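Everything quoted here is computed from the prediction, not taken from an experiment.
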Amino acid sequence: MSSESVPYKYKLYSYFRSSCSARVRIAAHLKGIELEYAFIHLVKAEQNSSAYHVLNPSESVPTLIVSNGQTGEEITKIRQSVAILEYFEETRPELPQLLPPLEDPIARARVRELVNIISNDVQPPTNLRILNFIKPRGIEANEWQQHFMNLGFRAYDDLLKLYAGKYSVGDQISLADCVLAPAVDGALRFGVKVEQDFPNVWRVWTNISEVEAFQQGRWNAQEDTPDELRLKSKE
């Protein structure tokens, strides 16, 4: 199936620092999917506007709007990053796949297992809405972030001993790598000692970081990245 026979248009509501948005950006670059961007500034609480609430009741990013590329008619909205990633896999089989083939259900389960460690155990308790809730209650944000990130990365690192090759599952880039890369960026930002404490995660992240699609989807290379942060070296 050629890309011309599937004339989809994709509009992604994104924020440069959002690790969930970065997952989708990275996957799209790996697959060669062109995205139109709309930017939602989370720190300015644009996600809480009434207009955006109608679009995404979770008041979060990313949100993907899929339209017919010829008629402009909307096909669907998808409001969670992992659902978007799997939608790309299922609707664009002619593009590079980021899940192992159906004939290898064990490898597919391993990819999903690692995705879930980050998307279920690490990201939710460390996202901005949680930080905004705990700060007025006297809880130190960095300590909170490091605690939950360390728990998740410890589990991920242990499983990499069993699953990893060059990347998270063997030697092929997968959805697990798309999810891991921005999570490591966030952990470094909050002072998690990834290289020291999680050497397997560090090795895989270093390999991922050399791939152009990851560089293109990274937080410091986006249109809405502030100039003073653009293409800044690893934090």
Between [X] and [Y] (salt bridge meaning N to carboxylate O under 4.0 Å), is one present in this structure?
X	Y	value
D158	K161	yes
R112	E86	yes
R230	E228	no

Donor-acceptor pairs under 3.5 angstrom involving side-chain atoms of residues 170-182: please list them, not counting sequence neighbours.
unit_1	atom_1	unit_2	atom_2	d
D171	OD1	K166	N	2.7
S174	OG	A176	N	3.2
D177	OD1	S168	N	3.0
D177	OD1	S168	OG	2.7
D177	OD2	S174	N	2.9

**Asked** Please walk me through it: do F214 and L30 pass side-chain contact (heavy atoms from CB on, under 4.5 Å)?
**Response** CA-CA 8 Å; F214 289 90; L30 286 166; 4.1 Å; yes
**Test side chain to side chain donor-acceptor pair (under 3.5 Å) applied to R79 and S58, step by step** = CA-CA 8 Å; R79 302 168 178 87; S58 294; over 6 Å; no
Mark yes when over 12 heavy atoms from residues, nucleotides or ligands other than [X] sit less than 6.0 Å from its [atom1]; otherwise mark no.
X	atom1	value
K31	NZ	yes
L162	CG	yes
E143	CD	no
Q80	CD	no
E34	CD	no

Is a donor on one side and an acceptor on the other found under 3.5 Å between the side chain of [X] and the backbone of [Y]?
X	Y	result
Q215	S209	yes
N116	N120	no
Q47	Y52	no
E223	F16	no

Compare every heavy atom of [Y] with every heavy atom of [X], then report the nearest pair and how far apart it is.
X	Y	result
L188	V192	CD2-O, 4.0 Å
S81	C20	CB-O, 3.5 Å
V201	D157	N-OD1, 2.8 Å
N56	S60	ND2-O, 3.0 Å
S21	V61	OG-CG2, 3.5 Å
E89	L98	OE1-N, 2.8 Å

In the structure I gave you, are the side-chain heavy atoms of [X] and [Y] within less than 4.5 Å of one another anywhere?
X	Y	value
N220	D185	no
F190	T126	no
Y13	I65	yes
L114	I117	yes
L229	R17	yes
R25	S14	yes
R154	D197	no
T63	I40	no

**Request:** Could you tell me how the ring of Y37 sits relative to the ring of F39: parallel (under 30°), tilted (30 to 60°) or perpendicular (over 60°)?
**Result:**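 Rings of Y37 and F39: parallel, under 30°.
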**Asked** Y10 vs F88 aromatic rings, parallel, tilted or perpendicular, using cut-offs 30° and 60°?
**Response**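 Correct class here is perpendicular.
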Tell me whether [Y] is reachable from [X] by hopping between hydrophobic residues (I, L, V, M, F, W, Y) whose side-chain heavy atoms are closer than 4.5 Å.
X	Y	result
V43	W219	yes
I106	L160	no
F133	M149	yes

**Prompt:** How far does CD of Q123 sit from CD1 of I130, to the nearest 0.5 angstrom?
**Reply:**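 Output value for this atom pair is 9.5 Å.
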**Prompt:** How far does CD of Q97 sit from CD of E90, to the nearest 0.5 angstrom?
**Reply:**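 If I round to the nearest 0.5 Å, the distance is 9.5 Å.
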**Item:** CA sep, side-chain torsions, deciding dist, call: L35, H29, side-chain contact (heavy atoms from CB on, under 4.5 Å)
**Value:** CA-CA 9 Å; L35 299 175; H29 283 298; over 6 Å; no
**Request:** State which residues pass salt bridge (Lys or Arg N to Asp or Glu O under 4.0 Å) with E59; sequence neighbours excluded, sorted by chain then number.
**Result:**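 So E59 forms no salt bridge (Lys or Arg N to Asp or Glu O under 4.0 Å) with any residue.
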**Prompt:** Sequence neighbours excluded, which residues qualify as salt bridge (Lys or Arg N to Asp or Glu O under 4.0 Å) partners of E46?
**Reply:**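 Partners of E46 under the salt bridge (Lys or Arg N to Asp or Glu O under 4.0 Å) test: none.
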**side chain to side chain contact (heavy atoms under 4.5 Å, CB included) partner of Y156, chosen from V204, N200, V184, I118** =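 It is I118, the one option of V204, N200, V184, I118 that forms the side chain to side chain contact (heavy atoms under 4.5 Å, CB included) with Y156.
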**Item:** Verdict with supporting geometry, K193 and E195, salt bridge (charged side-chain N to carboxylate O under 4.0 Å, His left out)
**Value:** CA-CA 6 Å; K193 298 176 181 177; E195 183 175 12; over 6 Å; no
**Message:** As a quick check of understanding, evaluate side-chain contact (heavy atoms from CB on, under 4.5 Å) for I26 and V211, giving each step before the final call.
**Reply:** CA-CA 10 Å; I26 291 166; V211 177; over 6 Å; no
**Message:** Please report whether the ring centroid of F198 lies less than 6.0 Å from that of W202.
**Reply:**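 They do not qualify: ring centres at least 6.0 Å apart.
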